[in-house]
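All chains are named by letter (A, B, ...) in the order of the sequence lines, taking the proteins before the strands, and each is independently numbered beginning at 1. A quick note: this is a predicted structure, and the numbers were derived from the prediction, not measured.
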Amino acid sequence: MRLKLEGVLLAVLGLMLWAGAAAAKPVGTVVAASGSYGNHGRVLRRGDAVQIGDTVDVGPHSNLKLQMADGSVISVAPDSSMRLAKYNISGSDRHVQLLLIHGLLRAQLTSVTGHSTFEVSTEVGTASVASDSADWFISAQGKSAQVGVLAGTVDLTSTVTGQSVSIPAHWGTRLETGLDPVQPRLWAQKEFNAVIRLTKV
Amino acid sequence: MKKALTCRSQLLAFLDRRWSIATLFILGVTGLIPIAANAYTAADDRNFPATLILPQVAPTDALWIPLSTQPFEALSTGDTTRETMFSGTYSKLITERLGIQLQDGVTRLNLLNTPSVTGAQNFDALLQYEAILDPPREFLLSVQVDHEFGGTGDQSVGSMKQSATQPGITFAKGLGDLPIGYWRPLAVTGFTGYQIGQGAPRPNMVNAGFSVQYSIPYLVSKVANVDLPTFLRGMTPITEVMFNTPVGPSYGVRTMNLVAPGITYSEGRGWELGIEAMIPTTKATGSGVGVIAQLVLQLDYLLPDSFVGRPIFRPSENP
């Protein structure tokens, strides 16, 4: 009986170690940065790896660019905080969940041959990429989120109402807390240039 | 009958054309007014749906396909009893704020005790420039000049031999910036133009109109989480009012007024449907309630990376 219990405990411990190793697996690398930025208080440097579960904080007047394991690039604007909740690359599939706590990020997604989901959640709703590849922005400011799409298609869904809109290339929209997403509209290049500037390192 | 037809053709010319400030004025305004943020039938989070009677409030990449029918009182043989029109307007952005519209269509006239006639409408071209866009105030204003090419349609269905040029102004204002609670989805749009006919019997005309609309998409996305069925969440009740009157020699053309209540429907997915009743308030406009329906295809949404979905000249991606 005692041997059986020890066996179970060892199996649980093994599983925990394996899960820890999986979670600690690097999913991206800092390829460009300026100003102050960190990961749970640890200062990141160019070439440092980021892992699942990491929360990346970028200070005011700072920028950070991450090259992810699948070739995608995530650029984080000043005064932003983002958590890498899930970044699974298995074979030709990709399943990503990011949490944008506040601020602005640009996601330039490469296409993968397998199944792909790429979601960024904010307090008010979730944006998910509906095309093979995409180049888009999402910002979370207070009780609203805004999405602009340079290439590809992104769906934006309200957490509270469940209603969603589909945003094609060159369009954008906003979502306010507890409401439906605003019907998308064409964005002027000037509007895109403003967010490109903010996410440029 | 001919006089009645002339009156109707003036109305139809307006309905068809949708209208129009001379190029020099546009260029002058362009230089004087600060550059707007973008050009589209939207100001910040306010989307202005396509109107069915009045001109569109701003240039865009889109295709409009309206179909309308209007009964008339026929007193003698050969008088028109019903007029049905089908047309198409292709709208193309040249720059983000300057666009051109090309329009043509066919008209069918049912005549009393006489075989009906079908023929082409005059070809029409419009240049429109969005001169002011004030997103925080949900306001935009466009200037335009329209030219109807006389003689390109069939005179048997009222298409006139004489051309006409019309400078005009359109505007749109949403009330979302005002502290008025559930009235914030309200918006008004308007148009005024002066049509210069190129010779008798085509008179000069003053054309004007406005619309009042209540956007349910705006209500559920900007004001309150109202529990409504999905199909209602895309509806915008709208009423358009149009007024046309001759100035100077009228050549028998009379004043026309039309009130058109209806709805437009959009899910924000690149298409829009609208339907309105056409209620004439003068005899020259018609004698019964007509109907107009319109399908709008937003080419910039449906084909965003193609020639038809993007301005010909656009600013570079250069932050």
Side-chain angles (χ1 to χ4, degrees), chain A residues 63 75 77 106 124-125 130-131 133-137 143-146 148-156 158-201, chain B residues 35-49 58 60-62 93 95-97 130 133 135 176 215-228 230 233-234 236 266-270 272 298-306 309-311 313-319:
Chain A
N63 282 91
S75 308
R106 177 181 187 176
V124 297
S131 50
S133 61
D135 184 357
W136 60 293
F137 300 86
K143 300 288 183 188
S144 75
Q146 208 169 1
V149 180
L150 270 170
T153 306
V154 175
D155 294 337
L156 178 62
S158 167
T159 303
V160 173
T161 70
Q163 298 286 328
S164 67
V165 292
S166 191
I167 310 159
H170 320 299
W171 288 59
T173 195
R174 191 192 314 271
L175 170 62
E176 294 178 1
T177 186
L179 300 173
D180 285 2
V182 174
Q183 289 194 351
R185 68 172 170 84
L186 194 67
W187 272 21
Q189 189 60 47
K190 190 178 169 183
E191 293 176 277
F192 281 111
N193 285 348
V195 284
I196 290 171
R197 199 181 305 122
L198 281 170
T199 52
K200 202 171 182 180
V201 181
Chain B
I35 300 298
N38 70 329
Y40 196 59
T41 51
D44 202 28
D45 291 337
R46 168 74 66 171
N47 281 289
F48 296 104
T60 180
D61 281 309
L93 280 182
T95 69
E96 282 191 329
R97 298 189 300 149
E130 187 183 67
L133 175 64
S215 170
I216 295 175
Y218 192 96
L219 172 71
V220 295
S221 63
K222 295 293 290 181
V223 180
N225 180 15
V226 183
D227 190 18
L228 293 171
T230 302
R233 298 177 102 87
T236 299
S266 169
E267 293 181 348
R269 294 186 185 271
E272 200 175 295
Q298 293 172 297
L299 302 175
D300 44 9
Y301 185 99
L302 298 168
L303 303 162
D305 288 314
S306 69
R310 297 220 70 186
F313 304 103
R314 56 183 186 273
S316 61
E317 188 181 303
N318 185 17

Separation between CG of B:D305 and NE2 of A:H170, rounded to the nearest 0.5 Å: 4.0 Å
Approximate separation, where rounding is to 0.5 Å, of B:E267 CD and A:Q163 CD: 9.5 Å
Minimal non-hydrogen separation, A:P168 against B:Y301, with atom names: CD-CE1, 3.3 Å
Closest approach of B:G268 to A:P184 (non-hydrogen atoms, all atoms of both residues): O-CD, 3.7 Å
Region of B:V223 in contact with chain A, defined by heavy-atom distances below 4.5 Å: backbone
Rounded distance [0.5 Å steps], CZ in A:R174 versus CG in B:D45: 4.0 Å
Chain A contact via B:R314 - which portion, at a heavy-atom distance below 4.5 Å: neither
Part of B:T230 within contact of chain A (heavy atom distance under 4.5 Å): side chain
CA sep, side-chain torsions, deciding dist, call: A:Q189, B:S316, side chain to side chain contact (heavy atoms under 4.5 Å, CB included): CA-CA 7 Å; A:Q189 189 60 47; B:S316 61; over 6 Å; no
For chain B, the option from A:L198, A:I167, A:L150, A:V182 that forms the most heavy-atom pairs under 4.5 Å: A:V182
Per-residue contact mode, A:V195 against chain B (heavy atom under 4.5 angstrom): neither
Region of A:T161 in contact with chain B, defined by heavy-atom distances below 4.5 Å: side chain
Minimum heavy-atom distance B:N225-A:L179, with the two atoms named: N-CD2, 3.4 Å
Per-residue contact mode, A:S164 against chain B (heavy atom under 4.5 angstrom): both
Rounded distance (nearest 0.5 Å) linking atom CD of B:Q298 with atom CG of A:L186: 9.5 Å
